[in-house]
Visitor: 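Here it is: the structure, laid out below.
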Amino acid sequence: MRPRILVLGTGGTIAGTARSRTGKAYAAGEVALETMLDAVRALGLEAELIPRTIAAIGSQDIGWTEWDALHAAIAEAEDDPSFAGIIVTHGTDTAEETAFLLDLTLPAGKPVVLVGAMRPSDAVGSDGMRNFANAVRLAGDPESAGRGVLVVMADTVFAAADVRKAATANIDAFRGYPRGPLARVTPATLDWFAPAHRIGRPARYAWPEALPRVAILTAGAGMDAKPVEALLGIGCKGLVLAGMGQGNAPRVVIEALAKAAANGVPVVRSARVDEGMVDRNVEVDDDATGLVAARALGPAKARILLMVLIANGVTDAARIQEAFDGR
Ligand code: SIN
């Protein structure tokens with residue numbers, strides 16, 4: 001029997017048009033999901049695709065409203081025995097944030113696959129149809145279950161916790177850290193590099209009523225503590241430092257962050273460097289300052305995890321550190 005797959009559309013470049021096959025500028029989220037699925041169906045894939053439009057936007061504008069609708073739709077499809085899997089079409093700019101948020105708050109049940117494209121649908125050499133056909137292959141395969149939320153780009157499958165956009169252009173813009181790809185996929189083949197490790201596991205965190213304001217502060221040479229004060233002044237409930245090297249910042253900034261932590265605003269130190277761990281007590285004395293080390297998570301995903309933790313009532317630095325250690 002052909003797998004029945006729910007396709008949730010949010011927009012992005014995969015639904016983008018340039019109105020020129022070779023032009024540079026384009027608009028994201030312009031192609032209706034039904035139109036996109038007609039093109040996918042013409043490929044003759046062995047799947048029944050059921051469309052549902054959540055939004056038609058560039059992913060720079062994604063936020064609570066779309067996340068809440070996505071979470072509800074996926075949770076419903078998880079409970080509906082007629083669906084084998086779920087695909088979310090998404091802009092690539094924030095795909096890692098949406099994927100990680102859903103990964104933290106959904107059970108590791110049916111395959112949930114985020115897919116995007118780096119080139120608009122009408123560009124010469126567009127990657128959208130290929131990526132979509134790969135997403136159908138993944139979402140319809142029972143072997144994809146129990147692995148958490150997956151992201152597929154350029155014939156490569158990543159786990160939500162590892163994936164990040166590492167280049168502004170080119171179709172192979174995504175990387176995994178600390179784990180590289182989980183699998184290679186084509187419309188006809190799927191090769192996993194490791195067994196599923198979360199089969200049947202429940203959601204790690206409850207879906208919240210709302211997400212708190214958590215800001216990312218990027219450290220720069222010569223900066224002072226004023227930006228920290230400004231962020232606290234607008235009511236941030238948590239802060240993520242995109243620090244230099246192993247999550248460091250000028251002494252006055254670390255002192256201001258330590259003061260914020262002492263006043264009950266959790267602070268996580270991540271790195272503005274692309275790859276590498278941020279560990280406790282290496283250059284910054286986390287034990288003394290009350291700060292949390294982001295370990296393998298970059299700033300964007302550290303912010304997502306901190307928002308989910310605070311929304312679930314976890315504000316104590318030791319418990320936050322535990323969550324980052326075990327991400
Ligand atoms: C977006 O994230 O919506 C625009 C960029 C893209 O999808 O590649």
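Each ligand, and each atom within it, is numbered from 1 in the order the structure gives. Positions are given from 1 along the sequence.
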Visitor: Compute whether any side-chain donor of one residue and acceptor of the other, for Thr17 and Tyr26, lie under 3.5 angstrom apart.
Guide: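 Side chains of Thr17 and Tyr26: no pair found under 3.5 Å.
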
Visitor: With the criterion set at N/O pairs under 3.5 Å, what does the list of contacts between the protein and ligand 1 look like, atom names and distances included?
Guide:
| residue | atom | partner | partner atom | Å |
| --- | --- | --- | --- | --- |
| ligand 1 | 2 (O) | Ser59 | OG | 2.5 |
| ligand 1 | 2 (O) | Thr92 | N | 3.2 |
| ligand 1 | 2 (O) | Asp93 | N | 3.0 |
| ligand 1 | 3 (O) | Ser59 | N | 2.6 |
| ligand 1 | 7 (O) | Thr13 | N | 3.0 |
| ligand 1 | 7 (O) | Thr13 | OG1 | 2.8 |
| ligand 1 | 7 (O) | Thr92 | N | 2.8 |
| ligand 1 | 8 (O) | Thr13 | OG1 | 3.0 |
| ligand 1 | 8 (O) | Thr92 | OG1 | 2.4 |
| ligand 1 | 8 (O) | Ala117 | O | 3.2 |

Visitor: Residues sharing Ile54's hydrophobic cluster, by side-chain heavy-atom contacts under 4.5 Å among ILVMFWY, directly or via others?
Guide: Leu6, Leu8, Ile50, Leu70, Ile74, Phe83, Ile86, Val88, Leu102, Leu106, Val112, Leu114, Met118, Val149, Val151, Met153, Phe158, Val163, Ile171, Phe174

Visitor: Identify, with sequence neighbours excluded, every residue that meets ring-ring contact (aromatic ring centres under 6.0 Å, His included) alongside Trp192.
Guide: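 Trp192 satisfies ring-ring contact (aromatic ring centres under 6.0 Å, His included) with no other residue.
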
Visitor: Counting only pairs under 3.5 Å, give me each side-chain donor-acceptor contact of residues 132-146, with atom names and distances, residues two or more places apart or in other chains.
Guide:
| residue | atom | partner | partner atom | Å |
| --- | --- | --- | --- | --- |
| Asn134 | ND2 | Arg130 | O | 3.4 |
| Asn134 | ND2 | Asp155 | OD1 | 2.8 |
| Arg137 | NH1 | Asp141 | OD2 | 3.1 |
| Asp141 | OD1 | Glu143 | N | 2.9 |
| Ser144 | OG | Leu138 | O | 2.7 |
| Ser144 | OG | Asp141 | O | 3.3 |

Visitor: For the residue pair Thr10 and Glu66, confirm or rule out a side-chain donor-acceptor distance under 3.5 Å.
Guide: no

Visitor: Salt bridge or not between Arg4 and Glu48? Use side-chain N to carboxylate O under 4.0 Å.
Guide: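 Looking at Glu48 together with Arg4, the answer is yes, because their closest N to O distance falls below 4.0 Å.
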
